[in-house]
Amino acid sequence: MLTRRVNVAMSYKDMYCSYYTNSEDITSYMVEMLGISDQDIILEPSAGEGIFVDEILKRKKMVHIDALDIDHNAIAIMKSKYQNNTNITVRETDTLLDDQLDQYATAELWLKQTDTLLDENLDYFSLTGGYYTKIVGNPPYGAWQDYEKREVLKEKFPGHYVKETYSLFLLRCLSLLRVGGRLSFIIPDTFLFLNMHSRLREVLLRKSKINQILLFPSKFFPGISFGYSNLSIITLERCNEESALQNTVKIFTGFQSPTEFSGLADSNANHQKALKVYEMTQESILMNPQCRFILADEKISEVFDTTTQTLGDVADVVTGFYTGDNKKFIRALSKDVKGSKNYEVVDPSKIFECTSINGINAKGEGYIPYIKSASKRRYLRGKDEWFVRWDQETIRFYNSNKKSRFQNSAFYFKTGIGLPMVKSKTIRAFLMKERVFDQSIVGVFPKDSEKLFYILALMNSDSINELVHAINPTANNSANYIKQLPYIEPDAETMQSIINQTSALLKAEELNDLDMADEIHCELNSIISEVYSGHSNKSDSLSAAV
């Protein structure tokens with residue numbers, strides 16, 4: 001949710017990862033998208049302090065509301081808040097619907113203290129085709145699930161990612177909707193892109209008509225700023241699969257303020273020119289790898305649609321090494337190294353040259369150069385700034401320690417390409433030789449070594465940068481996403497030109513002729529852009545060669 005529960009104890013905030021929606025622009029838009037009517041049966045599965053309930057009551061409709069929350073403090077707040085309202089009956093009950101509630105003939109607020117994900121009565125309504133006509137909410141995300149509960153959730157939601165709460169709330173509540181019922185949720189946008197949510201995406205695309213998705217920065221809201229993703233509002237309607245596949249989704253981006261949400265609930269309204277709107281059929285999204293939503297312009301979309309080969313077909317794309325305790329086993333060259341505040345400085349006498357995964361053949365503590373963190377420059381890293389302990393005794397520890405990850409060791413000390421897992425505006429890929437690389441680095445190792453310099457130039461191009469951000473706009477460039485990048489090769493002559501220029505660029509970097517290196521990079525970038533746009537001109541490419 002969006003704003004921390006300021007009236008709730010810290011222990012509850014940490015336990016439930018609850019953020020309260022405090023923006024009238026958001027609540028107004030979401031409730032408007034539901035189209036509240038008399039006789040609606042409405043669920044708020046994580047009611048908090050009743051912000052959405054208040055917004056619904058403003059519509060002055062004769063509705064039936066269930067407000068659920070697992071938090072004792074939230075229940076107490078709502079009871080106090082509505083106790084003097086004669087049109088609302090507030091009470092706690094162990095059942096979602098009971099005989100007494102069925103007897104009420106006027107609009108009322110239902111409060112039920114339960115765990116929405118596990119409540120047996122909700123199971124009943126899911127199995128009988130849904131119960132609610134409208135569902136609105138701001139479910140918790142990032143909440144810790146203990147291991148025992150995870151096992152229960154795995155049985156309840158087989159094949160779905162159970163460590164993240166918001167995705168289960170979305171799945172759960174879709175099953176509670178009547179056919180034709182509508183849902184509006186505010187959640188992180190990661191469900192659109194991350195591999196772990198592919199099963200959820202398939203369910204949404206087959207079982208509902210997604211009306212609108214709004215994508216916007218989390219920093220809209222005081223005190224909230226997710227580094228790994230943006231926020232989103234999804235509004236959908238439960239339906240059969242045939243209707244779902246024919247539906248066209250509208251996705252809005254480019255918001256500068258939540259005030260711009262106003263009017264978007266009107267499908268006939270003219271949208272603000274500053275907003276970017278993507279439209280795609282649900283059937284076409286299902287055809288994407290892992291049912292991923294790819295938000296890109298026509299040129300980028302065409303590359304995804306027409307390219308049959310991926311980077312993973314021509315290169316091994318792998319994650320690097322983890323010591324299990326970085327502060328203990330990693331050293332910095334000096335305290336001037338970025339990010340070295342909590343690390344010890346390496347003793348120069350303990351640095352060795354070693355290219356064996358079995359460790360340094362010497363007694364005592366020993367360190368080797370280590371690739372960790374982003375490179376300051378594209379193509380070539382500067383001097384070694386990080387070192388990892390690599391004596392034989394420590395190697396034995398890495399291999400036996402459960403926390404250490406001696407993963408993909410066949411690629412340690414090999415020649416390849418590295419890029420940081422943490423995403424930035426532009427990728428800075430660099431050459432790796434005879435080094436072990438950290439798990440914060442994705443290693444790309446061409447299966448054909450003669451294509452090394454072409455792929456190095458490719459990974460530094462604007463074309464690949466755009467594709468990376470389209471395939472996964474979140475903060476991480478994990479190996480699983482990098483290997484899915486579309487891979488296109490030019491004709492042999494253009495390929496050789498790119499390889500020659502990349503070689504010249506690396507020499508310029510070694511000589512610290514940065515202006516020359518940047519000039520060659522611009523030329524390479526232009527050629528690769530032509531390759532990926534499908535309009536490569538051999539004579540133009542050759543004229544750019546050095």
Side-chain angles (χ1 to χ4, degrees), residues 318-398 401 403-409 411-424 426-445 456 459-460 476-477 505-514 517-518:
V318 297
T319 303
F321 172 70
Y322 175 55
T323 66
D325 187 346
N326 284 352
K327 301 297 188 299
K328 180 178 181 180
F329 294 109
I330 293 177
R331 299 287 184 266
L333 179 64
S334 72
K335 284 298 181 182
D336 295 329
V337 173
K338 184 178 180 181
S340 64
K341 181 179 179 181
N342 297 317
Y343 288 86
E344 293 182 29
V345 173
V346 68
D347 180 346
S349 68
K350 296 180 179 179
I351 298 175
F352 293 82
E353 286 295 331
C354 174
T355 57
S356 170
I357 61 172
N358 296 318
I360 300 165
N361 187 20
K363 291 184 179 180
E365 186 176 352
Y367 295 83
I368 61 170
Y370 189 53
I371 295 178
K372 181 180 181 294
S373 74
S375 175
K376 295 182 178 67
R377 296 278 300 174
R378 296 182 179 97
Y379 296 93
L380 197 66
R381 291 181 72 93
K383 64 182 179 181
D384 292 311
E385 294 183 324
W386 294 97
F387 300 84
V388 64
R389 186 165 173 178
W390 206 253
D391 50 78
Q392 292 181 353
E393 179 183 351
T394 306
I395 294 295
R396 286 192 289 272
F397 171 80
Y398 294 151
N401 181 36
K403 291 185 178 180
S404 302
R405 298 193 188 111
F406 210 80
Q407 55 197 1
N408 302 309
S409 59
F411 297 97
Y412 300 170
F413 306 109
K414 302 297 184 184
T415 297
I417 299 158
L419 57 146
M421 187 175 291
V422 177
K423 188 174 293 178
S424 58
T426 58
I427 293 178
R428 292 196 295 271
F430 52 85
L431 197 63
M432 297 194 298
K433 285 185 177 181
E434 298 184 345
R435 295 290 183 265
V436 177
F437 55 103
D438 186 74
Q439 68 171 0
S440 64
I441 301 296
V442 175
V444 179
F445 297 88
L456 177 59
M459 296 307 297
N460 280 300
N476 289 334
N477 287 324
L505 189 155
L506 290 168
K507 289 179 181 177
E509 287 281 349
E510 290 174 354
L511 296 171
N512 204 32
D513 190 346
L514 304 186
D518 290 341

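- Phe437 does not carry Lys372 over the face of its six-membered ring by the limits of under 6.0 Å from the centre and within 45° of the normal.
- Aromatic ring centroids of Tyr412 and Phe406 lie under 6.0 Å apart.
- Partners of Asp384 according to the salt bridge (Lys or Arg N to Asp or Glu O under 4.0 Å) rule, which considers only residues two or more places apart in sequence or in another chain, are Arg435.
- Closest heavy-atom contact between Ala517 and Glu509: CB-OE2, 3.5 Å.
- Ser440 meets the side chain to side chain donor-acceptor pair (under 3.5 Å) test with Asp438; sequence neighbours excluded.
- Rounding to the nearest 0.5 Å places CZ of Arg428 at 13.5 Å from CG of Leu380.
- Put simply, the side chain of Arg405 never gets that close to the backbone of Tyr322: no donor and acceptor are under 3.5 Å apart.
- The number of heavy atoms from other shown groups lying within 6.0 Å of CG (Asn401) is above 12.
- Side-chain N or O atoms of Trp390 include one that pairs as donor or acceptor with a backbone N or O of Ser356 at under 3.5 Å.
- For the pair Ile357 and Phe413, the tightest heavy-atom approach, listed with the atom from each and the gap, is N-CE1, 3.9 Å.
- Partners of Thr394 by side-chain contact (heavy atoms from CB on, under 4.5 Å), not counting sequence neighbours, listed by chain and number: Phe329, Arg389, Asp391, Tyr398.
- The CZ atom of Phe397 lies 9.0 Å from the NZ atom of Lys403; values are rounded to the nearest 0.5 Å.
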